[in-house]
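We count ligands from 1, going down the list as the structure has it; atoms in each ligand are counted the same way. The model shown is predicted, which means the values in this text are computed figures rather than measured ones.
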Amino acid sequence: MYWDRENETLPREKLQILQLEKLQLTIERVYRNVPYYRAKFTEMGIKPSSIRSLEDMRRLPFTTKQDLRDNYPFGLFAVPMSDVVRVHASSGTTGKPTVVGYTKNDINIWAELIARSLVCAGGTKFDVVQNAYGYGLFTGGLGLHYGAERLGAAVVPISGGNTQRQLMLMQDFGATILTCTPSYALYLAEEGQKMGLDFKKLPLKAGIFGAEPWSERMRRQLEEKLDLTALDIYGLSEIMGPGVAMECPAKEGMHIFEDHFIPEIIDPDTGEVLPPGEEGELVITTITKEAFPLIRYRTRDITRLNPEPCPCGRTHVRIRRITGRSDDMLIIRGVNVFPSQVESVLLEFGETEPHYLLVVDRKGSLDQLEIWVEVAEQFFSDKVRQLEELEHRLQDRIQSVLGISARVKLVEPNTIPRSEGKAKRVVDRREI
Ligand code: ADP
Ligand code: ZN
């Protein structure tokens, strides 16, 4: 079953011709409309006419999250604001978020790609989609929402959290497809079990889980506990949001929608393009986006491409499960967290030293973040109340900057191990 049979099963030669055409148009558009790209191309001696084949792409510069930050908020938009109909944002490495924009047509394509993804999971207009991805500046909630409507399914825009109510409405409304992060799905399963809910008696048939790394072990748990087919969905707000790639029932990787995105795998250290099948960092070029086209965006996500034909008949190349990152970004309860964000908060407080450790663990299915931080010598007192008060102030500030709650644990000066090379800031004890 396909949503858009023609484009999803396009023979590869045709697909490549189409990609080149769209790539050339994109290059022209950014050259004309985005001063940043024009300057960068000029510096490298590249003109739009220099790109004559897909291989020529390798001459184009990479774009990084830092470039996005330098052009905050709208500097990389390729259309006037009057053509932008929506913005989203995700957490940046320090205070400022990464901002992305969409034209009407961008939103339209996004809805199409999510409709494709839902159909990949067996979705039809008869389905009831319980959308427990967060709504708001995050792309998850609204991204899935518009695609489910496009399919003609009935969306329950419940957003994340409020677990008891989720479970009640899941039964009452007869949800057939659940969309959320895999860890939240597991939490729903566990809480449901506690309430005596028998998922085998519910009409749930598929789960579309993404926005954070998970594993085959988690897939087995989710499928067994929730009695559904659990599939992986990949995306990032810079490129669009969820629906950049979607797993099909073959369950061997996610088809990246190549009529809109061109994937490459590079060596994260040298920037060299790696041959098909090798593991490295995923780089994506958007070829149909209007408001916020990105050229060779370094996702920092580690994966590999599988160009083998897929039994499902889709011709788009598959990416394997994301197994890690080439930077230090953590995903905690679906939220992106950079150690540098924590550091910048600590620096605001004179009472602490920039010696800290992030300890991440998963209790049951919920991620927990503990921040150990040294108190400055002169502020270290045995007045428990003063220290507790400082912990609370730090916790509040962390919550407002990172968008997630953390437990701050103050420790005595000089107790966090120093390292001689790169400081070790993170202990990740999660087993996923
Ligand atoms: P989202 O709102 O979807 O979380 P962000 O832009 O905030 O989007 O975060 C994108 C990052 O989330 C990706 O670069 C990747 O590291 C991670 N991510 C998204 N989907 C998956 C997935 N299916 N598996 C592993 N990691 C994922
Ligand atoms: Zn397939």
May I ask you to say whether [X] pairs ionically with [Y], meaning some side-chain N is under 4.0 Å from a carboxylate O?
| X | Y | value |
| --- | --- | --- |
| R397 | E348 | yes |
| R116 | D259 | yes |
| R333 | E212 | no |
| K65 | E238 | yes |

Below the 3.5 angstrom mark, is there an N/O of [X], backbone or side chain, next to an N/O of ligand 1?
| X | result |
| --- | --- |
| I322 | no |
| N336 | yes |
| W214 | no |
| A211 | yes |

Do the rings of H145 and Y135 sit parallel, tilted or perpendicular, given the 30° and 60° boundaries?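 Rings of H145 and Y135: perpendicular, as their planes differ by over 60°.
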Name the option, out of I331, I432, L236, that contains the heavy atom nearest to atom 12 (O) of ligand 1.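 Of the listed residues, I331 has the closest heavy atom.
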Flag if over 12 foreign heavy atoms under 6.0 Å of CD, Q193: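 More than 12 within 6.0 Å, yes.
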Against heavy atoms of [X], which atoms of ligand 1 measure under 4.0 Å?
| X | result |
| --- | --- |
| R325 | 14 (O), 16 (O) |
| E238 | 6 (O) |
| Y234 | 20 (N), 21 (C), 23 (N) |
| G210 | 23 (N) |

Considering only the protein, which heavy-atom contact is closest to atom 16 (O) of ligand 1, and what is its distance?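 That would be D301 OD1, 2.6 Å.
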Identity and distance of the protein heavy atom lying nearest atom 2 (O) of ligand 1: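 Ranked first by proximity to atom 2 (O) of ligand 1 is T139 OG1, 3.2 Å.
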Under a 3.5 Å distance rule, please check whether R86 uses its side chain to pair with a backbone N or O of Y102 as donor and acceptor.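 Looks like no, no N/O pair under 3.5 Å.
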Please confirm whether the backbone N or O of V129 pairs with a side-chain atom of D127, one donor and one acceptor, at under 3.5 Å?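 No, D127 side chain to V129 backbone: no donor-acceptor pair under 3.5 Å.
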How does R300 reach ligand 1, if at all, at less than 4.0 Å between non-hydrogen atoms: by side chain, backbone, both, or neither?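 R300 to ligand 1: no contact under 4.0 Å from either part.
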Counting only heavy atoms, which portion of E212 has something under 4.0 Å from ligand 1: side chain, backbone, both, or neither?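 Near ligand 1, E212 shows its backbone, while the atoms from C-beta on stay back.
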N/O/S atom of H255 inside 2.8 Å of the Zn ion (ligand 2), strictly under: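 H255 does place an N, O or S atom closer than 2.8 Å to the Zn ion (ligand 2).
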Validation row: Q166, M170 side chains within 4.5 angstrom (heavy atoms):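 Of all side-chain heavy-atom pairs linking M170 with Q166, none is under 4.5 Å.
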Need one value: angle at the Zn ion (ligand 2), C312 atom SG versus C248 atom SG, rounded to 10 degrees.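 Between SG of C312 and SG of C248, at the Zn ion (ligand 2), the angle is about 120°.
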For F292, check ring pair (Phe, Tyr, Trp, His ring centres under 6.0 Å) against everything at least two apart and list the hits.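 F292: ring pair (Phe, Tyr, Trp, His ring centres under 6.0 Å) contacts with F77.
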